[in-house]
Amino acid sequence: MPDQPHSSASPKRLLTIQDVSCVGQCSATVALPLVSACGVECAVLPSAVLSNHTGGFPSWTFRDLTDEMPRVEAEWRKQDIRFDAFYTGYVCEPQIDPILSIMERCAAPGALRFVDPAMADNGRLYTGFGPDFPSKMARLCKGADYILPNLTEAALLLGREPVLEGYGEAFVEDTVAGLHALGAKNVVLTGVSFDPERLGTAVSDGSSILYDFNPRLPRMAHGTGDVFAAVFAGAVLRGLSALDASALAADVVCASIEATAESHWYGVSFERAIPLLVSRLP
Ligand code: PXL
């Protein structure tokens, strides 16, 4: 049978490990639609189930699913279920070892690891994480093919005070070098800005840093890091370079924010940016 250019390439299967916040447009409820929109199969291992996320709602329920992880891994190993990629997001400390075990033992040959150290923003850890959590998260970053910290997460991973403004390229180079020294192959640092009008990412493969900037939008929104990471992982699995995947992810974040009504405070309307995402994939 002659080769069929698109259908013959078998679709990749990614496993995302992060919480299911039932309401709130973050984590798994963002990864599933966006990774799928990239044409990549998205399996989900929930790290916890919350009624809603912790970023602005007054309260929430939280069911920790750590105990389920080794049971699920044992079942996958019995059936020889493997993944072409892993994408981790919001997880808690006791889950680091079970996750490392799954990434080691349920990997297809050449499987990629994407680690979004989702634990902090705007200079502060998210509610519920203690001050020693960043050093535990650093263990997931070791051996990752791509890590996607924002400036706050990067500083905390390095045991430093977050610096969010008034820095230059030398600061970014030093931060990125520190993150590579943790054992990450590629670093995608988000929230980088050298000029008040523009916000972007620094993408490093360990030998050079490339930048991508978009106009800074006048509002911040919850869940944009999760949108960025999901699109980035999906786009890399579709063959985009790290810089192109990062630029696409940033464009989808901007389009999502622009599509979000002013009164919609707890997330972004990323659903409206799916046509743009699909149109930009090869
Ligand atoms: O978007 C990051 C995130 C993911 N999951 C939960 C959160 C947050 C940020 O607050 O609370 C449960």
Side-chain angles (χ1 to χ4, degrees), residues 14-35 42 44-66 68-69 86-96 99 114-131 133-134 136-137 140-141 144 146-157 162 164 188-191 199 201 217 219-234 249-250 252-254 256-257 259-260 264-271 273:
L14 173 147
L15 172 66
T16 190
I17 308 176
Q18 50 186 332
D19 67 283
V20 173
S21 281
C22 302
V23 169
Q25 286 172 310
C26 70
S27 308
T29 64
V30 165
L32 195 48
L34 288 177
V35 170
C42 187
V44 178
L45 178 56
S47 57
V49 175
L50 293 85
S51 52
N52 45 267
H53 65 61
T54 68
F57 289 97
S59 57
W60 49 88
T61 66
F62 184 97
R63 169 76 66 173
D64 183 330
L65 294 175
T66 309
E68 206 54 25
M69 289 182 167
F86 302 92
Y87 154 33
T88 68
Y90 184 100
V91 299
C92 23
E93 199 253 300
Q95 300 175 337
I96 305 286
I99 291 172
F114 299 86
V115 173
D116 177 7
M119 59 182 174
D121 206 359
N122 301 315
R124 296 177 46 195
L125 279 168
Y126 294 146
T127 310
F129 291 120
F133 183 66
K136 317 288 180 195
M137 181 58 94
L140 265 191
C141 294
Y146 300 90
I147 62 168
L148 305 123
N150 59 37
L151 275 185
T152 302
E153 290 158 345
L156 297 176
L157 283 169
L164 302 180
V188 181
L189 183 61
T190 63
L199 189 61
T201 52
L217 297 176
R219 54 191 283 215
M220 301 297 286
H222 193 275
T224 51
D226 300 354
V227 171
F228 183 92
V231 172
F232 180 86
V252 171
V253 166
C254 290
S256 301
I257 294 173
T260 305
H264 185 87
W265 61 270
Y266 59 77
V268 288
S269 299
F270 68 88
E271 302 85 356

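Computed from a predicted model, the values in this text were never measured in an experiment. First listed ligand is number 1; within each ligand, the first listed atom is number 1.
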> Consider ligand 1: state whether an atom of it lies below 4.0 angstrom from any non-hydrogen atom of Ser27.
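Flag set, Ser27 near ligand 1.
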> Should the pair Tyr146 and Phe114 be assigned to parallel (<30°), tilted (30 to 60°) or perpendicular (>60°) ring geometry?
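Aromatic pair Tyr146/Phe114 classed parallel.
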> Does the side chain of Leu140 come within less than 4.5 Å of Pro117's, by heavy atoms?
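Answer no - side chains too far apart.
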> Could a heavy atom of His222 be found less than 4.0 Å from some atom of ligand 1?
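So His222 counts as touching ligand 1.
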> How far is atom 7 (C) of ligand 1 from the closest protein heavy atom, and which atom is that?
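Checked against all protein heavy atoms, atom 7 (C) of ligand 1 sits closest to Tyr90 CE1, 3.5 Å.
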> Side chains of Asp19 and Ser27 only: does a donor on one sit below 3.5 Å from an acceptor on the other?
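Yes, because at least one side-chain N or O of Asp19 sits under 3.5 Å from a partner of the opposite role on Ser27.
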> According to the interplanar angle, ranging from 0 to 90°, do the rings of Phe57 and Tyr266 count as parallel (below 30°), tilted (30 to 60°) or perpendicular (above 60°)?
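The arrangement is tilted - the two ring planes meet at 30° to 60°.
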> List every atom of ligand 1 that sits less than 4.0 Å from any heavy atom of Ser21, numbering the atoms from 1 in the order shown and giving each element.
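Once the distances to Ser21 are compared, the set is 12 (C).
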> In ligand 1, which numbered atoms sit nearer than 4.0 Å to a non-hydrogen atom of Asp19?
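Taking each heavy atom of Asp19 in turn, ligand 1 has 4 (C), 5 (N), 6 (C), 12 (C) under 4.0 Å.
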> Under the ring-ring contact (aromatic ring centres under 6.0 Å, His included) rule, collect the residues that match up with Phe86, sequence neighbours excluded.
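Applying ring-ring contact (aromatic ring centres under 6.0 Å, His included) to Phe86 gives Phe83.
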> Looking just at side-chain N and O atoms, do Gln18 and Thr16 make a donor-acceptor pair shorter than 3.5 Å?
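Looking only at side-chain atoms, Thr16 and Gln18 do form a donor-acceptor pair, the distance falling under 3.5 Å.
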> If you measure from each non-hydrogen atom of Thr127 to ligand 1, which part falls under 4.0 Å: side chain, backbone, both or neither?
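Neither part.
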> Which atoms of ligand 1 sit under 4.0 Å from any heavy atom of Thr54?
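Those atoms are 7 (C), 10 (O), 11 (O).
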